[in-house]
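These notes concern the structure reproduced below.
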Amino acid sequence: MMDQSQMARPAHRERLSTGWTFQQTDSVDDWLPVASVPSVSHLDLIDNGRISDPFKAMNELQVEWVGEKSWTYRKSFTYPVLAGESVHLIFEGLDTFATVKLNGTTLFTSDNMFLSHRVNVTELLQPSNTLVIDFESALLRARQLEKNHPEHRFIAHNGEVGRIGVRKAQYHWGWDWGPILMTAGPWRPISIEIATASIQDISIKYQISPDLGAISGTVRVEFEGQVDAIRLTIAFKDSVITETTVSHDSSVISFAISEPSLWYPVGYGDQDLYDLTVELVKDQFTIDKMTKRTGFRLVQLVQDEDANGESFYFRINNIDVFAGGSCWIPPDSFLPRTSREKYRDWAKLVCQCNQVMIRVWGGGVYEDDSFYDACDEFGILVWQDFMFACGSYPTWESLRESIGEEAKQNVKRLRHHPCMALYCGNNEDYQTQEYYKLDYDWEDKQPESWLKGTFPARYYYEHLLPKVVADESPDVPYWPSSPFSSKGREANDKKAGDIHQWNMWHGYQEKYQAFDKNGGRFVSEFGLQGLPQLATVKDFVSSQDELYPGSQALNFHNKAHGHERRIATYIVDNFRPLADLEGHIYLSQLMQSEALTFAYKGWRRQWGQGRLCGGALVWQLNDCWPCTSWAIADYYLRKKPAFYAIARQMQPITVCVQREHHDWSGGHDRPKKTKFDVWVASRECSQVCGEVEIRFISIRTGSQIKPAVYKSVPIVNGTTAVMSGEVDEGEAHVIAVRLFMGGEIIGRDVDWPQPLKYLSFHDRGVDVQVSSAGYTITCHRPTKGLVFEETDGVTLSDNAIDVVPGDTQVIKVSEQKVPRYRYLE
């Protein structure tokens, strides 16, 4: 029997989270304590009372100096090591220009925030050790890099142009929704590993049979050290379904699963997950193991030529999916303080909004593992941009090498997540190429020649990145850019690829009632701004004197160019303006809600018209700080009315009505008759039946102006036309529809004459009763935009609703209380 002292110990890993101090690198001041690592300099300065919270008032301006300084972090530690063991330090992310030293010896330097580093330090360890990390100012280095590379034309929208030469989260330079906060520090965990043998990674590749009834695949193991065998165990719902052991000289293990339980997007099936565990075995003992929780699914990006051009939509496990969802920005300017629980809360919000896809935008970061874990768990498809946004990126050799390693590391980290539906090269860089007329010849297929032109970043998007995806995650489609079209056409081609629709809000500031006529085969960005909840405004404005529309502090927390005129334009186009702050917030939120209703309603309808529109991703789900933006839920996860509007349009089955919009606010005569359509939208895979009720109700009296119509309809995965007709516009009225299935109302919609400012809303006769059932709402006359106050800790099943006579609505509420509410008057 082997002596126990001679047995190899299991690998030991421990995070170096506490015991750190930091200081300004060129300072003679004392070292200051760091609460924990991960961290960045701003957080530690706030904790030590050295700077004010930059999220409050206009404090952002007072902390600009922090980004112009260098910062040093230091930690001392001791670790016993046995003979035959190796010690590695693992740095999961350093922001951004970092020099790492152990006991005075430089381990490495890094210039890429998105890289991790694993360094063997066995020979450098002493009984007592000191780890020091110097972080240079990324802001100053960016400016110097721009000067050092006159061969490249630096072009960037948002932030300083030097940002495009630095592999750092681009939004840190400031964006049209976020502040300029140039962070530095160990922004992701640092760990120590002691082992005789250790697993670095496992790669899972598999094929699903055409009938989805069987899976065959392999697991490739990357490891260091000497072992006797490698064991693979696959478990489902805590039950082992297969176990295989291979000899030490084989790093690839085959597996097969019959009748697998597949992973589906939310609303299309279950989110079944398997645990694949690899163990390194030495002397019959496990000395290291790694588990990847994964799901099996078939992802296809369908791009078929049709009568309207070329389709662009997702098919998951042979089911066509309308990808209604949101774009995602980093949830904080200071990323280390976003907890696993907060990522889960955001994922829950996506599901509550009935969305199935989230797009990780290219100016932020490759998100934390817990973000993708939550998307796996809740069934949210992920469109993952690589980290390039709104610029013409340089391609000097060392930068290309760094980006290649960045792409490889992050695709390897994410590839086991079943939520991954698409890798995309960048955000809006081909629009930059078009706007500045940079070189682009579709017929030229030689990557080396692209490097010599004025748009060398094409090398990344059409050569380097697709190769990485093909090598490391071949089951996930790749798309060069967002937006992008095939065959060299303009990026915002409405007949192929995806588009960003910004002629509402930006561009021509078109009427939001025309969203449906301004779509494409897939709309990956669009939106309209709305102010956050009053509680959020009070939190960041800080002073009572600033609580009015257009105050300096309120405007400072909206970074969008021309936001005052744009918000005002859309309000006066559609509503009677209100002068008080609460009224201004309400109208801006109702405006955003109405706009996004028109967008989702129209584009989801087109899904059923030959897959004319394959998805719609609103800009944006979230905020990185408390502000006014395009977000549908603010920094504190407080929902805006637009959140509920999207949730209603994205219900599994919903009924819609819309009359033809005539823009007559410019003096044109109002039409005497108007066409209208009623339809049902569904994501149900099997056909069901329902009955639709259509009523025509006077806005002035609340009475029906003509008899109701009832239609029985079959409902499929797409849209089903219910009724088309004309209405007499002599008396202002709403068209109210409800969908019944099994005697239960499962959907309702109300169409109003536009613009709403021409309608009279006095004396609506609204009544709200509070009971254990929730809020029961009735009215005597059609009521627009009834909004209950959002209260932290209280969950509403719906909000921002339209109410008509004869249709009592009940909103479930998690806490019984007398609500504050308002509606359009």
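In this chain, numbering begins with 1 at the start of the sequence shown. Nothing here was measured: the structure is a model prediction, and the numbers come from that model.
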Inset, instruction - Going by the side chain to side chain contact (heavy atoms under 4.5 Å, CB included) test, name the single residue among N555, L581, L531 that passes it with P549. - result: L581

Between [X] and [Y], a side-chain donor and acceptor under 3.5 Å:
X: E790; Y: Q533; value: no
X: E367; Y: W328; value: yes
X: D332; Y: Y635; value: yes
X: K639; Y: Q352; value: yes
X: W502; Y: E525; value: yes
X: N574; Y: Q513; value: yes

Can you sort out the partners of [X] under salt bridge (Lys or Arg N to Asp or Glu O under 4.0 Å), two or more places apart, ordered by chain and number?
X: E726; answer: none
X: D270; answer: none
X: D677; answer: R605
X: E789; answer: R820

Cationic N near anionic O, under 4.0 Å, [X] to [Y]:
X: R738; Y: D807; answer: yes
X: D539; Y: K56; answer: yes
X: R764; Y: E825; answer: no
X: D798; Y: R648; answer: yes
X: K673; Y: E660; answer: no

Name every donor-acceptor pair, under 3.5 Å, that has one atom in a side chain of residues 702-716 and the other anywhere in the protein, sequence neighbours excluded.
unit_1 : atom_1 : unit_2 : atom_2 : d
Q704   : OE1    : R695   : NH1    : 3.4
Y710   : OH     : E693   : OE2    : 3.1

Distance-only donor-acceptor pairs under 3.5 Å for side chains of residues 590-604, two or more places apart:
unit_1 : atom_1 : unit_2 : atom_2 : d
Q592   : NE2    : L528   : O      : 2.9
Q592   : NE2    : W630   : O      : 3.2
Q592   : NE2    : A631   : O      : 3.2
E594   : OE1    : K784   : NZ     : 3.3
E594   : OE2    : K784   : NZ     : 2.7
T597   : OG1    : S593   : O      : 2.8
Y600   : OH     : G325   : O      : 2.6
Y600   : OH     : V618   : N      : 3.4
K601   : NZ     : V657   : O      : 3.0
K601   : NZ     : D749   : OD2    : 2.8
W603   : NE1    : F515   : O      : 3.2
R604   : NH1    : Q649   : O      : 2.7
R604   : NH1    : Q651   : O      : 2.8
R604   : NH2    : Q651   : O      : 3.0
R604   : NH2    : P652   : O      : 3.3

Legend entry - Ring-face cation contact, Y586 with R822, 6.0 Å cut, 45° max: yes

Legend entry - NZ or CZ of R337 within 45° of F334 ring axis and under 6.0 Å: no

Legend entry - Validation row, ring centre F55 to ring centre F540 under 6.0 Å: no

Inset, instruction - Step through it carefully: locate the ring centre of W752, locate the ring centre of F761, and say whether they are under 6.0 Å apart. - result: yes

Legend entry - Any L739 side-chain heavy atom under 4.5 Å of R748 side chain: no

Legend entry - Step-by-step ring-ring contact (aromatic ring centres under 6.0 Å, His included) determination, W625 to W175: CA-CA 12 Å; W625 74 319; W175 222 263; over 10 Å; no

